[in-house]
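Inspection log for the structure reproduced underneath, given as structure tokens.
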There are 2 protein chains.
Amino acid sequence: MQLETATIKTIADTIGLSLTTVSRVLNGVAKKYRISKATEERVLAEADRLGYIPNQAARNLRLKKSFAIGLVIPNLANPFFANIVSVVNQVLHERGYSVILTDCNEEEKLEIEAVNALSARNMDGMIVIPSGRGKKHLELLRQKRTPVVFIDRYFEDLAIPYVATNHYDGALKITEYLIANGHRKIACLQGSNHVMPNIKRVQGYIDAMKGHGHDPFYIGGNGFTFESGYLETKLLMQRSERPTAILALSDTILLGSLKALAEDGYRVPEDISIATFDNSVYLDFLACPVTSVSQPVTDIATIAIKLLLDKIEQQSTSGLTEQEKILISPAIIYRSSIASIP
Amino acid sequence: MQLETATIKTIADTIGLSLTTVSRVLNGVAKKYRISKATEERVLAEADRLGYIPNQAARNLRLKKSFAIGLVIPNLANPFFANIVSVVNQVLHERGYSVILTDCNEEEKLEIEAVNALSARNMDGMIVIPSGRGKKHLELLRQKRTPVVFIDRYFEDLAIPYVATNHYDGALKITEYLIANGHRKIACLQGSNHVMPNIKRVQGYIDAMKGHGHDPFYIGGNGFTFESGYLETKLLMQRSERPTAILALSDTILLGSLKALAEDGYRVPEDISIATFDNSVYLDFLACPVTSVSQPVTDIATIAIKLLLDKIEQQSTSGLTEQEKILISPAIIYRSSIASIP
DNA sequence: TCTAGTTGCACAATCGATTATTCTTTGTAC
DNA sequence: GTACAAAGAATAATCGATTGTGCAACTAGA
């Protein structure tokens, strides 16, 4: 077997035709250029025999198109993001695109580097879940006319489409459910306080409380992490006035919170009720299964890709329409972690 | 601001030098080609002013090097794989490589397509966790001299390096621990029975049983999935002779198994003991925290990348040495899911 | 002053694929 | 028999970066 990789030239030489003809056949435009059936078949047969695979770098250079989509996400170790990547990846591959991934570890510096690196690789489009609050590198993409879509996290003042859960709505509903169950002292353990999902969720919590005539009881924490949930819960339970319920704004926060509660001997839901976001699969199997806001991951990913591919294929230069700001209302999955209190 | 992307030609034209000189300065080989300090500075200043980013497709084509590593994995939704990808991604980006990801959804067909697509993109190297049992597409990579390293799953008869947990050892130890706690009727719920980790784990289970004079009690299941764990446990508990312990060969299987046990009213560990693999973070928070074999994900990923980059950078054409078949013994994390029985 | 060597930079080919343009041959109509 | 059209395929430029080789201009030593 030949060690040399076959190129269009290899094929052209072995069957004595020009590069042009071979290229046209392989691109399926033989008819358009009146290439005879016989020639077409000879080319195809030879390409097959040599195991020809077109060099993408050459195509990319010539066509200024990479057939690749860049994916920039905060942290793959978080199952919620991993799920999004999984779905996005699958759909894009079906559509013939490669996926170039970067995990930014929630650091803005890495995010900027990633966006620039992807830009150098001529991405046909990008899907970004921003880690930081900086926008300059993202605006530069618009100048370069690279289509971008945000998932989950977004900037409202940027003319870049986004698809996300209606975080506000989810938080509002689940807080109202807690209130309906008699809770007043509901503590909210938040994530990174500069990202949109967190801002909206906190606002939902606040509005639900106020809407029912209560002041927000407590808002603390500063990251979508296990550690933040753990520390914040420890602090929380040492206050003179303890909460009757905790609303964790992510599953990672929840696990930390549960660990703190368990260490201090609090039982769920007897001693304290708890609710969370994200609805990871293991919530059903915890000591006490936890009620959760369930984000429609598959829908979000699918819609985002549709938006992106539309932009890529039409290159519509029109401004941002309302249809490109999409929020999907989440469902709430009821489990046994919330007790009714008088 | 200019909308056109700056190229080397742009820079050369605006300061009146040749492409050659600009390229050499930007590649940091100015000294080698005796380019004056003054010229060098003019070039750098202009590149900076124009926000020049080298076109990777052009470099890739010319250098036959993509500065990218292909990653082929079975399923990102599985936290174990997501963690691997997270670590791999981070280390590679530090080293200046991009990561091109494909999730194969555990399908061999997708795996083959992915490997070919990555090959067309001239990957400098690839890290593969095979989904299927086919090897032809992987052998073709050796012909093309693309360095490859397997992680977690591997083929012993292929001259391709691998880094994995010592699955056999892990299964042996945890089974012996169950035996030491008085268990004899230990059921083993397996994953995909054609992949190496599963084969080795099952063998460890069998050898531990036999080593202590017992016949393997039960081996069932056929996938690293929630469903397999659930169904198999339902079947298992309907047998006339019930197990006193279950060894789930992954966390996903575990969750399914726990659901089945809970539905039928069995308590862990009072009615039945249970142990698992993977040590996901949520194991601590289950109704009964579950004892688990903990795979050294970070170590595995780090070593695999070291092997790969060594191969890429030296292009050592030497055969596979023993040092390129690396198995790391896992630790066991003891929790309360295993009861001592008389 | 002349030669040999050094300094500073440019020419042009190359990587593989695409494509507008051009060229040749064959067929057809009057 | 001439003119012209259509069929079938080739020439050559192009995308952006890299690099072996070549060529002035200048310097230093004899």
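Letters A, B, ... mirror the listed sequences (proteins, then strands); counts begin at 1. Side chains included, hydrogens not; waters and symmetry mates left out as well; all remaining heavy atoms used.
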- Roughly how bent is the helix from C:dT1-D:dA30 to C:dC30-D:dG1 end to end, in steps of 10 degrees, with each end axis from five pairs?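 If I round to tens, the end axes sit 60° apart.
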Protein-nucleotide distance ([X], atom [atom1]; [N], atom [atom2]), rounded to Å:
| X | N | atom1 | atom2 | value |
| --- | --- | --- | --- | --- |
| B:Glu40 | C:dC9 | CD | P | 10 Å |
| B:Ile35 | D:dT18 | CD1 | P | 13 Å |
| B:Arg34 | C:dA10 | CZ | P | 13 Å |
| A:Leu17 | D:dG8 | CG | C1' | 10 Å |
| B:Leu19 | C:dG8 | CG | P | 21 Å |
| A:Asn122 | D:dC15 | CG | P | 14 Å |
| A:Lys9 | C:dT14 | NZ | C1' | 12 Å |
| A:Ile8 | C:dC15 | CD1 | P | 15 Å |

- Any N or O donor-acceptor pair linking the side chain of B:Arg121 to the base of C:dG16 at under 3.5 Å?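 When only heavy-atom distances are counted, B:Arg121 does not reach the base of C:dG16 through any donor-acceptor pair under 3.5 Å.
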- Could you label the plane-to-plane angle of the A:Phe155 and A:Phe150 rings as parallel, tilted or perpendicular, counting under 30° as parallel and over 60° as perpendicular?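 Rings of A:Phe155 and A:Phe150: perpendicular, over 60°.
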- Could you check if a side-chain atom of B:Glu41 sits within less than 4.5 angstrom of a side-chain atom of B:Val25, using non-hydrogen atoms only?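 No. Closest side-chain heavy atoms not under 4.5 Å.
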- Message: Contact between A:Ile84 and A:Ile73 at the side-chain level, heavy atoms closer than 4.5 Å - yes or no?
- Response: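 They are not in side-chain contact.
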- Query: For A:Thr10, does its backbone N or O pair with a side-chain atom of A:Thr14 as donor and acceptor, under 3.5 Å?
  - Reply: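 Checking the backbone N and O of A:Thr10 against the side chain of A:Thr14, a donor-acceptor pair under 3.5 Å is found.
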- Would you say B:Asn105's side chain and B:Glu107's backbone share a donor-acceptor pair under 3.5 angstrom?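 Side chain of B:Asn105 to backbone of B:Glu107: no pair is present.
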- Message: Checking side-chain polar atoms at under 3.5 Å, does A:Thr20 have a donor or acceptor matched by the opposite partner on A:Ser23?
- Response: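 Per modelled atom types, A:Thr20 and A:Ser23 side chains form no pair under 3.5 Å.
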- Report yes or no: do A:Asp103 and B:Ser86 form a side-chain donor-acceptor pair below 3.5 Å?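 Checked: A:Asp103/B:Ser86 side chains pair up, N/O donor to acceptor below 3.5 Å.
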Hey, does [X] reach any base, or is it just sugar-phosphate, or nothing, if we go heavy atoms under 4.0 Å?
| X | answer |
| --- | --- |
| A:Leu26 | nothing |
| B:Ser23 | base |
| A:Thr20 | base |
| B:Thr7 | sugar-phosphate |

Can we say [X] and [Y] salt-bridge, meaning some charged N sits less than 4.0 Å from an Asp/Glu carboxylate O?
| X | Y | answer |
| --- | --- | --- |
| B:Arg42 | B:Glu46 | no |
| A:Glu106 | A:Arg153 | yes |
| A:Glu324 | A:Lys311 | yes |

Counting only side-chain N and O atoms of [X], is one of them less than 4.0 Å from OP1 or OP2 of [N]?
| X | N | answer |
| --- | --- | --- |
| B:Tyr33 | D:dG20 | yes |
| B:Thr39 | C:dG8 | no |
| A:Tyr52 | C:dA17 | yes |

- Item | Nearest listed nucleotide, side chain of A:Pro54, among D:dA9, C:dA10, C:dA17 |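 Among D:dA9, C:dA10, C:dA17, the one nearest the side chain of A:Pro54 is C:dA17.
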- Message: Please compare B:Ile53 and B:Arg24 by the position of their nearest nucleotide in DNA chain D and report the one closer to 5'.
- Response: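 Its nearest nucleotide being more 5', the pick is B:Ile53.
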- Residues from residues 58-69 of chain B sitting under 4.0 Å of DNA chain D, heavy atoms only?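 Those residues whose heavy atoms fall under 4.0 Å from DNA chain D, taken from residues 58-69 of chain B in numerical order, are B:Ala58, B:Arg59, B:Arg62, B:Leu63.
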